[in-house]
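Contents: one structure, followed by commentary.
Within every chain, numbering begins at 1; the chains are lettered A, B, ... in the order of the sequence lines, protein sequences first and strands thereafter.
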2 protein chains.
Amino acid sequence: MTAAPKPRQTRQRTEILSALAAAGDFRSAQQWHDVLRHESSTVGLATVYRALQSLAESGEVDAVVTDSGETLYRRCEAGEEHHHHLRCRRCGAAEEIDVPDFEDWAAKLARKHGYSSLDHTVEITGLCTVCARSSD
Amino acid sequence: MTAAPKPRQTRQRTEILSALAAAGDFRSAQQWHDVLRHESSTVGLATVYRALQSLAESGEVDAVVTDSGETLYRRCEAGEEHHHHLRCRRCGAAEEIDVPDFEDWAAKLARKHGYSSLDHTVEITGLCTVCARSSD
DNA sequence: TTGGTATTGATAATCATTGTCAATAAGCAA
DNA sequence: TTGCTTATTGACAATGATTATCAATACCAA
Ligand SMILES: [Zn+2]
Ligand SMILES: [Zn+2]
Ligand SMILES: [Zn+2]
Ligand SMILES: [Zn+2]
């Protein structure tokens with residue numbers, strides 16, 4: 001129940017949000033930083049890391065962890081509602097997907113095993129049409 | 001279709017497999033290395049990393065990536081068959097779970113979106129009975 | 001406008017994981 | 001069993017993403 005410590009509206013945060021809104025794919029903090037730099041922004045890398053992290057916690061952006069441990073972020077259509085992705089592991093493109101009944105099913109199953117404080121990850125990765133074509 | 005380059009049966013690999021067989025929970029490479037050291041084994045850390053990695057690729061052990069990017073390994077009951085987990089994020093305990101029809105459903109959905117070379121992650125985490133009790 | 005404080009950013013520090021490479025030891029043939 | 005070829009090992013350096021520092025800056029409530 002910690003009161004929401006609302007972040008200040010700063011130039012940097014605004015720029016970062018804009019970048020996220022402009023491109024809809026999943027990218028790492030470093031990649032977003034590059035994007036901003038190319039748009040002649042002067043945001044620092046550490047700031048990008050902090051902002052994305054904070055935005056992900058508040059649910060304003062989605063974060064996924066790749067198999068190699070990198071964290072990717074993207075601003076989603078679905079807003080702050082919980083949802084899952086079908087994502088291209090090559091280019092970061094992603095579709096929001098609906099996994100019918102999964103939440104309830106998971107909760108029931110976990111309860112049966114005595115687990116509490118649940119959380120879950122359901123991500124499907126593959127190659128999108130474009131990347132599949134250009135990969136051979 | 002690359003021919004299977006079978007690994008040599010070495011003392012180190014045997015020791016690592018034994019450790020994995022003895023304890024059934026998810027642990028990081030470093031943790032398994034600690035375990036082995038306490039059992040007066042002399043395996044090197046790099047070797048543990050390499051072995052676990054190779055075992056994971058061949059499907060003999062399961063690997064999951066935590067939110068913080070660490071990779072955890074465990075020897076599973078289900079053998080080399082593909083399956084999913086309900087895992088305690090505190091102690092590494094895990095149950096094998098069956099997610100009915102998920103594979104087929106995912107394949108169908110992805111095809112609909114034009115994605116190929118599919119892969120997926122379905123992991124449920126929580127606190128097991130023991131850890132829930134001792135966490136307040 | 002102004003003071004208190006959150007945010008910034010350049011940089012150093014962390015830390016899991018991977019690369020290096022000489023020494024060692026499987027596994028195979030004779 | 002004895003070599004020989006070559007994969008494997010392990011101590012250590014190197015990488016690379018992320019986090020911590022901390023003085024300078026800029027929100028924003030009063
Ligand atoms: Zn999304
Ligand atoms: Zn793609
Ligand atoms: Zn398993
Ligand atoms: Zn537990």
Could you give the side-chain donor-acceptor pairs of residues 55-69 of chain A under 3.5 Å, partners two or more places apart or in another chain?
| unit_1 | atom_1 | unit_2 | atom_2 | d |
| --- | --- | --- | --- | --- |
| Ser58(A) | OG | Leu55(A) | O | 3.1 |
| Ser58(A) | OG | Glu60(A) | OE2 | 3.1 |
| Asp62(A) | OD2 | His83(A) | NE2 | 2.8 |
| Asp62(A) | OD2 | His85(A) | NE2 | 3.1 |
| Thr66(A) | OG1 | Ser68(A) | N | 3.3 |
| Thr66(A) | OG1 | Ser68(A) | OG | 3.0 |
| Thr66(A) | OG1 | Gly69(A) | N | 3.4 |
| Thr66(A) | OG1 | Glu70(A) | N | 3.2 |
| Thr66(A) | OG1 | Glu70(A) | O | 3.4 |

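- The bend of the helix from dT1(C)-dA30(D) to dA30(C)-dT1(D), defined by the angle between the axes of its first five and last five pairs, stands at 40° to the nearest 10°.
- Shown here are the salt bridge (Lys or Arg N to Asp or Glu O under 4.0 Å) partners of Arg27(B), two or more places apart in sequence or in another chain: Asp25(B).
- Atom OH of Tyr49(B) is separated from atom C1' of dA14(D) by 14 Å (rounded to the nearest Å).
- Between His84(A) and His82(A), the ring planes lie perpendicular to each other; the angle is over 60°, past the 30° to 60° tilted range.
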Pick out the pairs of N or O atoms, protein on one side and nucleotides 26-30 of chain D on the other, that lie under 3.5 Å.
| unit_1 | atom_1 | unit_2 | atom_2 | d |
| --- | --- | --- | --- | --- |
| dC27(D) | O2 | Arg8(A) | NH1 | 2.9 |
| dC27(D) | O2 | Arg8(A) | NH2 | 3.4 |
| dC28(D) | OP1 | Gln9(A) | N | 2.8 |

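- Residues meeting the salt bridge (Lys or Arg N to Asp or Glu O under 4.0 Å) test with Glu15(A), sequence neighbours left out: Arg11(A).
- A salt bridge is absent between Arg89(B) and Glu123(B); no separation between the charged side-chain nitrogens and carboxylate oxygens falls under 4.0 Å.
- With a 6.0 Å radius and a threshold of 12 heavy atoms from other residues, nucleotides or ligands, Arg74(B) has its CZ atom above the threshold.
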Quick test: give all pairs of protein nitrogen or oxygen and nucleotides 23-25 of chain D nitrogen or oxygen below 3.5 Å, distance rounded to 0.1 Å.
none

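- Distance Arg50(B) CZ to dA11(D) P: 11 Å, rounded to the nearest Å.
- Remark: side-chain polar atoms of Trp32(A) are paired, donor with acceptor, to backbone N or O of Tyr73(A) under 3.5 angstrom.
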Review point. Hey, mind stepping through Gln12(B) and Thr10(B) against side chain to side chain donor-acceptor pair (under 3.5 Å) and telling me if it holds?
Key: CA-CA 5 Å; Gln12(B) 290 85 341; Thr10(B) 166; 2.6 Å; yes
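- Between the P atom of dT19(D) and the CG atom of Leu45(A) lies a distance of 11 Å, rounded to the nearest Å.
- Between the side chain of Arg37(B) and the backbone N or O of Val43(B) there is at least one donor-acceptor pair closer than 3.5 Å.
- Arg87(A) is linked by a salt bridge (Lys or Arg N to Asp or Glu O under 4.0 Å) to nothing, counting only residues two or more places apart in sequence or in another chain.
- Scored by the ring pair (Phe, Tyr, Trp, His ring centres under 6.0 Å) test, His33(A) finds no partners at all (sequence neighbours excluded).
- A donor atom on one side chain and an acceptor atom on the other are not found under 3.5 Å apart for Arg90(B) and Ser134(B).
- Distance CD (Gln53(B)) to P (dA7(D)): 17 Å, rounded to an integer number of Å.
- Closest approach of Leu118(A) and Ala110(A) over heavy atoms only: CD1-CB, 3.2 Å.
- Other members of the cluster containing Tyr49(A) are Leu45(A), with ILVMFWY side chains joined at under 4.5 Å, either directly or via other members.
- With sequence neighbours excluded, no residue satisfies ring pair (Phe, Tyr, Trp, His ring centres under 6.0 Å) with His38(B).
- Closest-nucleotide positions on DNA chain D for Glu70(A) and Gly44(B) were compared, and the one nearer the 5' end corresponds to Gly44(B).
- Looking at residues 20-43 of chain A, you'll see Gln30(A) sit with a heavy atom under 4.0 Å from some atom of DNA chain D.
- Chain A approaches DNA chain C within less than 4.0 angstrom (heavy atoms of the protein), and the contacting nucleotides run 5' to 3' from dG4(C) to dA10(C).
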